[in-house]
Protein chains: 2
Amino acid sequence: MSISLRPSQALQLWQQVTLSEVRDDAPDLTMRQMAILLTIYLERPPHTVRGLAARLQVTKPVITRALDTMGRLKLVSRHRDERDRRNVLVKRTVEGALYVERFGDVIIAQALELPI
Amino acid sequence: MSISLRPSQALQLWQQVTLSEVRDDAPDLTMRQMAILLTIYLERPPHTVRGLAARLQVTKPVITRALDTMGRLKLVSRHRDERDRRNVLVKRTVEGALYVERFGDVIIAQALELPI
DNA sequence: CAAAATTGTTTCGCTTCCGTTTCATTTTTC
DNA sequence: GAAAAATGAAACGGAAGCGAAACAATTTTG
């Protein structure tokens, strides 16, 4: 399956997906939280606080707070790195994987409904 | 110009665009603010507080607060409806139009850089 | 024209996020 | 082994978001 995306449709796609998310009961993630979540689930581990902060070009407390919130939502988990106990390794969870998968489905569903 | 979007790429696109926005200096909009902004710029006027609240399925104060913030950023403006002075008409601004246009460009630019 | 309905804003108490600074723990360096 | 460096979290004061309820202004209803 493949859909074609033209420039005029990109914004419409974004609008429809954000509308879907806003209307959804689940709490909205902030842009930063979404960037962190997708980075964890789409890019190769390991993921550390420092590494994520560098990837997003934000400060470490931003990552710590976002992990606090998404940890509460069970979208990610934290574990001490036993090889270097200063590090915290951010791991994927079943709930998080389902969340990301569902989000991908929403994007595709909305893309398929775009006017030709 | 047209790009092809397959399901596995939808999430990557979303990640790259959110990364771009997070790294950008401009203040991040919340998911709700983004949904409101795109609705105002992509759908036919008139846009009222009540209408936007219904479209997003959120309460009116959510719209009022988002318009406060985006008004401060000059992305939208508010005007009393002279035909029914209970209504507030939300209008587009030059700055807002540029913001949305630039955002569309970011999406397309990131889409073009997706792995095949 | 008075009562009811409609619209948007404000207020309330609470939560979360922000950047900056400080702190505790662990590892590396000399 | 002591000092320096690195890592992540906590603390701080301030800003902004939240839902619910109350409010002022305007229009519609009867």
Side-chain angles (χ1 to χ4, degrees), chain A residues 18-19 21-40 45-91 99, chain B residues 18-19 21-40 45-91 99:
Chain A
T18 55
L19 275 179
E21 290 302 298
V22 168
R23 295 202 266 234
D24 196 78
D25 287 331
D28 294 344
L29 297 186
T30 65
M31 189 98 73
R32 288 170 172 201
Q33 289 166 354
M34 184 64 83
I36 293 168
L37 187 72
L38 291 177
T39 297
I40 292 167
H47 299 289
T48 63
V49 172
R50 174 172 177 67
L52 291 167
R55 186 92 176 95
L56 273 73
Q57 297 177 14
V58 297
T59 61
K60 289 189 292 179
V62 167
I63 305 297
T64 294
R65 280 188 293 254
L67 294 180
D68 288 344
T69 300
M70 293 194 290
R72 245 176 273 132
L73 296 173
K74 305 212 187 290
L75 298 178
V76 298
S77 66
R78 277 190 272 207
H79 308 271
R80 272 289 159 199
D81 181 355
E82 290 304 332
R83 297 151 51 106
D84 182 344
R85 296 184 47 76
R86 286 173 303 183
N87 288 330
V88 161
L89 300 177
V90 184
K91 299 277 183 67
Y99 181 98
Chain B
T18 55
L19 276 180
E21 290 302 297
V22 167
R23 295 201 267 234
D24 196 78
D25 287 332
D28 295 343
L29 297 185
T30 67
M31 189 99 70
R32 289 170 171 200
Q33 289 165 353
M34 184 63 83
I36 293 169
L37 188 72
L38 291 177
T39 297
I40 292 167
H47 300 289
T48 63
V49 172
R50 173 171 177 69
L52 291 167
R55 186 93 176 94
L56 272 72
Q57 296 176 15
V58 297
T59 61
K60 289 189 293 178
V62 167
I63 306 298
T64 295
R65 280 188 291 254
L67 295 180
D68 287 345
T69 299
M70 292 194 292
R72 244 175 274 132
L73 296 173
K74 304 211 188 291
L75 299 178
V76 299
S77 65
R78 277 190 272 208
H79 308 271
R80 272 289 159 201
D81 180 356
E82 290 304 333
R83 297 152 49 107
D84 182 344
R85 297 184 45 76
R86 289 173 301 183
N87 289 329
V88 161
L89 300 177
V90 184
K91 299 276 184 66
Y99 181 97

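The sequence lines fix the lettering, A, B, ..., with proteins before strands; numbering per chain opens at 1.
Partners of B:Asp28 according to the salt bridge (Lys or Arg N to Asp or Glu O under 4.0 Å) rule, which considers only residues two or more places apart in sequence or in another chain, are A:Arg32. Scored by the salt bridge (Lys or Arg N to Asp or Glu O under 4.0 Å) test, A:Asp24 finds no partners at all (sequence neighbours excluded). By the side-chain contact (heavy atoms from CB on, under 4.5 Å) test, B:Ala35 is found to be paired with A:Thr18, A:Leu19, A:Val22, B:Leu56, residues two or more places apart in sequence or in another chain being considered. Residues that satisfy the salt bridge (Lys or Arg N to Asp or Glu O under 4.0 Å) test with A:Arg50, not counting sequence neighbours, are absent from this structure. Residues that satisfy the side-chain contact (heavy atoms from CB on, under 4.5 Å) test with A:Pro45, not counting sequence neighbours, are A:His47, A:Arg92. By the salt bridge (Lys or Arg N to Asp or Glu O under 4.0 Å) test, B:Asp84 is found to be paired with B:Arg86, residues two or more places apart in sequence or in another chain being considered.
Sorted by first and then second residue, the salt bridge (Lys or Arg N to Asp or Glu O under 4.0 Å) pairs involving residues 51-63 of chain B (not counting sequence neighbours) are B:Glu43-B:Arg55. Sequence neighbours left out, the pairs with a member in residues 63-79 of chain B that pass salt bridge (Lys or Arg N to Asp or Glu O under 4.0 Å) are B:Asp68-B:Arg78.
Across every non-hydrogen atom of B:Met31 and A:Leu29, the tightest pair is CE-O, 3.7 Å. Across all their heavy atoms, B:Pro46 and B:Leu89 have their closest contact at CB-CD2, 4.0 Å.
Residue A:Met70 holds its CE atom at 5.5 Å from CG of A:Leu37, rounded to the nearest 0.5 Å. Remark: A:Arg85 CZ to A:Asn87 CG distance equals 11.0 Å, nearest 0.5 Å. Here OG1 of B:Thr39 is found 8.5 Å from CD1 of B:Ile63. Values are rounded to the nearest 0.5 Å.
When each of A:Pro61 and A:Asp81 is assigned the nucleotide of DNA chain C bearing its nearest heavy atom, the one mapping closer to the 5' terminus is A:Pro61.
Against DNA chain C, the stretch residues 65-78 of chain B makes heavy-atom approaches under 4.0 Å through B:Arg78. Applying a 4.0 Å cut-off to non-hydrogen atoms, the residues of residues 31-40 of chain A that approach DNA chain C are A:Arg32, A:Gln33, listed by residue number.
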Check nucleotides 3-7 of chain D against the protein and report each pair of N or O atoms closer than 3.5 Å, with its distance, or say if there are none.
unit_1 : atom_1 : unit_2  : atom_2 : d
D:dA6  : O4'    : A:Arg86 : NH1    : 3.4
D:dT7  : OP2    : A:Arg50 : NE     : 2.8
D:dT7  : O3'    : A:Asn87 : OD1    : 3.2

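The phosphate of D:dA9 (OP1 or OP2) has a side-chain N or O of A:Thr64 nearer than 4.0 angstrom.
With rounding to whole Å, B:Arg80 atom CZ is found 15 Å from D:dA24 atom P. Between B:Ile63 atom CD1 and D:dG19 atom P the separation is 11 Å, expressed in whole Å.
Boundaries of the chain A contact region on DNA chain C are C:dT16 to C:dT27, first to last in 5' to 3' order (nucleotide atom under 4.0 Å from a heavy atom).
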